[in-house]
*Asks:* 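Input: one structure, supplied below.
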Amino acid sequence: MDSKKLVAQVIVDNNSHQTDKLFDYLIPPHLINILKIGMRVLVPFGKGNKRLEAYLLNIAVIKEESLKLKEIITPLDYHSILSENQIKMVFWMRKKYMCKFIEAIHCIIPTGIVNKEKRILHLTKENWRNFIPHQQHKQMQIMMLLEEHGGSLSQDLINKTLPFKDCYQAIKSLEEEGYLDIEYQLSSRVNIKREQYVKLKKTIEEIDIVLNELNRAPKQVAMLEYLLKHREAKTTDITKTINTTNATIRALEAKGLITIFEKESKRNPFSTDEVELYPKLKATEEQENIIKEIVGDIIDNRSNNYLIHGITGSGKTEIYLQLMEVAKAEGKEGIILVPEISLTPQTVERFRGRFGEGIAVFHSNLSEGERYDEWRRISEGKVDMVIGARSAIFAPFNNLGLIIVDEEHEQTYKSEQNPKYHAIDIAFLRGMTEKAVVVLGSATPSIENYYKAQKGEIKLRTLEKRPQMAKLPEVEVIDMKEELDTGNTSILSNRLKSLIMENLEKKKQTILFLNRRGYSTFVSCRSCGHVVKCNHCDISMTFHMGTKSLNCHYCGLKISAPTSCPSCNSNRIKYFGAGTQKLERVIEGQFPGARVARLDLDVTGKKGAHERILADFKKGNKDILIGTQMISKGLDFPNVTLVGIISIDSTLNLPDFRASERSFQLITQVAGRAGRSLQAGRVVLQTYDPNHFSIVTASKHDFKGFYNEELEIRKEFAYPPFNNLIALNFSGGRDDELFQYVNKIADGIRYILQSKGYQSMNDMLLGPNAAIIPKINNKYRYQILLKDHGVELGTLKRLIRYFFIQHRQKYLPKGILAGIDINPYNLM
DNA sequence: AGCACGCCGACT
DNA sequence: GTCGGCGTGCTC
């Protein structure tokens with residue numbers, strides 16, 4: 001006989017570094033033809049053989065000898081829920097982002113589908129008191145508790161209720177001696193919503209006969225006729241349409257003419273709102289050329305990557321729409337990524353307006369149930385298009401043809417949670433393995449992707465014209481230092497003031513951008529210089545007018561606004577800096593009668609508020625819209641002819657190597673809101689640093705100029721795209737304790753690098769430094785940055801793996817958190 | 001993550 | 001002797 005055996009290699013579903021590896025299980029003979037790679041299975045795990053859910057990632061052949069393996073208990077799926085491509089992706093992600101298998105798996109499968117086991121104990125012997133010895137305290141207490149609760153109780157509850165920790169032994173012996181039964185229950189965390197339906201039980205001919213005899217029951221006739229036409233119907237729908245009650249249904253059922261059955265209902269995330277049709281536009285010559293080329297790739301199954309660099313308002317969305325139309329016609333599926341659904345309502349509306357139903361929408365506001373439903377709709381092939389934020393890149397399509405990443409440069413594509421993946425990395429991977437075309441689009445491409453395009457790794461295509469001859473707006477840079485010198489201490493320059501006035505008179509609309517919410521950005525004492533900071537976060541607090549409080553934008557702490565200095569008690573305390581709230585006040589004071597709206601995180605709390613404000617502005621009910629980042633994306637308002645950027649300096653001066661890039665992008669995107677129709681647009685850009693190259697190039701719409709200068713800097717300082725960066729973030733513990741620890745770790749890394757023969761570590765290891773925000777929520781924060789400059793990225797990753805994964809217990813004290821971020825986008 | 005084992009001090 | 005606390009180490 002064959003001495004080889006099949007083993008299942010599984011990943012158990014618990015979130016621990018120590019169990020983050022493949023475990024081997026025997027496949028019992030009766031399951032050999034049933035188990036498939038990608039299924040979930042139930043396995044006994046650990047000393048107590050606790051039943052754990054696990055993902056079967058591989059089936060391997062081993063020699064019989066050696067092992068005493070446990071057996072798989074049972075499969076949990078009828079079909080694989082992970083495809084082979086998805087399993088490859090799991091391995092790829094773990095390596096690339098240094099995350100756990102299970103973390104990568106949970107990206108691909110929504111949490112809703114995951115089952116959790118419960119153990120229920122059932123009391124089986126009524127007369128247990130006669131047998132259990134009194135000194136067995138634990139056993140007695142467990143049995144008494146069970147009896148109190150009518151004989152059945154979950155083990156969780158027993159553990160919570162009883163004073164001692166480990167009931168394991170006691171329960172085990174009670175079970176062995178037959179006093180209780182352990183029932184294993186798998187309860188799905190998501191309740192699948194079910195709805196009642198009715199359908200005909202007899203053939204059409206039979207019903208016809210009955211219909212002639214039913215002239216005394218018109219409602220029943222109507223219902224049968226309805227069902228003849230529609231085959232089946234929801235009970236609530238059918239009773240409403242023919243204006244009757246459940247009595248009719250029950251009568252027909254009693255006569256054996258119809259059956260009532262239940263069907264899973266899919267919650268509809270856009271239940272009520274109507275979609276406005278968005279008809280196909282005629283492509284310009286520029287657009288047409290790009291479309292033709294990419295369509296060829298889609299039809300021929302060529303996996304190709306494109307970057308479309310199109311100025312704001314050049315009609316990238318129309319290209320996406322027409323490409324998607326082709327993909328759909330070819331029977332392929334498509335993913336459209338947008339930075340954030342709620343910030344790009346217009347893009348979403350256009351897709352829905354063009355394609356109607358058959359689009360799944362993913363966004364962060366979906367409930368777990370809704371997310372699960374959308375996932376199911378996709379995996380069951382009910383939709384062929386998904387539009388959504390970052391996580392939509394994992395949409396479980398099987399015949400993917402096209403991936404579109406709109407506003408490709410946006411930071412939101414990089415996850416801030418584990419695994420800290422970048423959606424564009426995943427897009428390229430899927431494009432390659434699934435033979436799909438990836439199209440990135442932006443008016444301000446990221447340095448990284450533009451560089452790839454220059455090297456020929458991505459095909460670069462440009463759109464330089466706005467349709468209908470609309471022109472890019474003229475940008476005027478105002479030096480606020482000069483304004484100060486001439487005695488204007490207001491946050492509005494004289495030039496901007498007069499242009500707003502002019503615009504109001506001409507009944508044109510204005511957008512004012514300020515990247516700070518709240519009223520005053522910091523509060524400081526003019527006697528002693530004390531700045532009011534959050535007690536938990538070491539961040540200056542922002543004054544909010546509505547609540548008359550100082551808020552911490554990091555932990556959410558609110559304190560009442562002080563009238564005297566908390567440090568020296570002087571009453572010369574003053575509120576500095578301007579946020580959107582203050583700007584709103586200033587504008588209202590300056591232009592009485594102007595209709596002003598504000599859009600920032602503080603006013604969009606309520607569901608739908610965001611859309612309402614924008615719709616109101618679009619209709620022309622407001623003259624001036626004040627907003628933060630939120631207004632920089634995708635808005636297309638033809639009547640806006642003036643955009644004022646109140647200050648860009650806070651972005652420009654962020655201590656982050658991407659600050660220049662972000663500033664350029666922000667200016668360009670915000671400026672792009674002006675002059676989107678035939679009316680010429682104008683942008684006023686206020687700054688204290690008018691000669692900064694980001695500002696100079698952005699004001700001239702000179703992306704290439706910006707790119708070349710920025711690339712030089714990136715090269716000189718060995719930042720991406722030339723080098724990879726790894727951030728090690730530490731938090732927790734006492735300040736001095738943590739400081740000592742991070743130094744020890746940094747020394748350890750240096751020591752190992754040295755022993756490997758590397759001489760100067762200065763280019764490879766930066767820090768440890770206190771993080772840019774040194775304290776959040778009472779947790780101190782430190783950071784070590786690693787660069788693959790003069791050293792292989794793999795070497796650095798192995799080092800990190802050694803310290804923080806393989807020997808985690810040894811090198812990471814309790815109470816200190818360590819996070820690993822490969823190519824971080826947020827260094828704060 | 002969980003869980004058991006093993007060692008230790010505190011108590012009947 | 002027994003109980004419970006806590007540190008350590010393993011899970012196919």
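So you know, we letter chains A, B, ... as the sequences are listed, proteins then strands, and number each from 1. The analysis underlying the following values was restricted to heavy atoms, covering all of them including side chains, and did not include hydrogens, waters or symmetry mates.
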*Asks:* Evaluate whether atom CD of A:Glu84 has more than 12 neighbouring non-hydrogen atoms of other residues, nucleotides or ligands under 6.0 angstrom away.
*Replies:* no

*Asks:* Do any N or O atoms of the protein come closer than 3.5 Å to N or O atoms of nucleotides 7-9 of chain C, and which pairs are they?
*Replies:*
none

*Asks:* Atom CD1 of A:Ile11 to atom P of B:dA1: distance rounded to whole Å?
*Replies:*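 Rounded to whole Å, this separation is 16 Å.
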
*Asks:* If I take atom CZ in residue A:Phe101 and atom P in nucleotide C:dC12, what distance separates them, rounded to the nearest angstrom?
*Replies:* 17 Å

*Asks:* Within this structure, what is the CD1-to-P distance between A:Ile805 and B:dA1, rounded to whole angstrom?
*Replies:*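 From A:Ile805 CD1 to B:dA1 P: 13 Å.
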
*Asks:* Could you go through residues 89-98 of chain A and list every donor-acceptor pair under 3.5 Å that involves a side-chain atom there, pairing it with any protein atom two or more places apart or in another chain?
*Replies:*
| from | atom 1 | to | atom 2 | distance (Å) |
| --- | --- | --- | --- | --- |
| A:Arg94 | NH1 | A:Asp20 | O | 3.4 |
| A:Arg94 | NH1 | A:Asp20 | OD2 | 2.6 |
| A:Tyr97 | OH | A:His422 | N | 3.2 |
| A:Tyr97 | OH | A:Asp425 | OD2 | 2.6 |

*Asks:* Among side-chain atoms of A:Lys420 and A:Asn418, is any donor-acceptor pair under 3.5 angstrom?
*Replies:*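 Yes, a side-chain donor-acceptor pair sits under 3.5 Å.
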
*Asks:* Using atom NE2 of A:His807 as one end and atom P of C:dC10 as the other, report the distance to the nearest whole Å.
*Replies:*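 Roughly 12 Å, once rounded to whole Å.
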
*Asks:* Report the distance from atom CG of A:Leu52 to atom P of B:dG2, rounded to the nearest whole Å.
*Replies:*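 Rounded to the whole Å, the gap is 8 Å.
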
*Asks:* Distance-only check: which donor-acceptor pairs under 3.5 Å involve side-chain atoms of residues 818-828 of chain A, not counting sequence neighbours?
*Replies:*
| from | atom 1 | to | atom 2 | distance (Å) |
| --- | --- | --- | --- | --- |
| A:Asp821 | OD1 | A:Lys414 | NZ | 2.8 |
| A:Asn823 | OD1 | A:Leu725 | N | 2.8 |
| A:Asn823 | ND2 | A:Asn724 | OD1 | 2.8 |
| A:Asn826 | OD1 | A:Met828 | N | 3.0 |

*Asks:* Counting heavy atoms from C-beta on, name the nucleotide in B:dA1, C:dC12, B:dG2 closest to the side chain of A:Phe23.
*Replies:*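 Shortest atom-to-atom distance from the side chain points to C:dC12.
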
*Asks:* Picking from C:dC12, B:dG2, B:dA1, which would you name as closest to the side chain of A:Lys50?
*Replies:*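 Looking only at side-chain atoms, A:Lys50 lies closest to B:dG2.
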
*Asks:* If I take atom CG in residue A:Asn14 and atom P in nucleotide C:dC12, what distance separates them, rounded to the nearest angstrom?
*Replies:*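 Rounding to the nearest Å, CG of A:Asn14 and P of C:dC12 are 11 Å apart.
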
*Asks:* Using a heavy-atom cut-off of under 4.0 Å over every strand shown, decide if A:Phe45 touches base, sugar-phosphate, or nothing.
*Replies:*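 The residue A:Phe45 makes base contact.
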
*Asks:* Are any of the side-chain heavy atoms of A:Met143 and A:Leu180 separated by less than 4.5 Å?
*Replies:* yes

*Asks:* With a 4.5 Å limit on heavy-atom distance, are the side chains of A:Ser80 and A:Met39 in contact?
*Replies:* yes

*Asks:* What is the distance from CG of A:Asp20 to C1' of B:dA1, rounded to the nearest Å?
*Replies:* 12 Å

*Asks:* Hey, would you say the A:Phe23 and A:Phe45 ring centroids sit under 6.0 Å apart?
*Replies:*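 Distance test on ring centres: under 6.0 Å, yes.
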
*Asks:* Round to the nearest Å and state the distance from A:His17 atom NE2 to B:dG2 atom C1'.
*Replies:* 17 Å

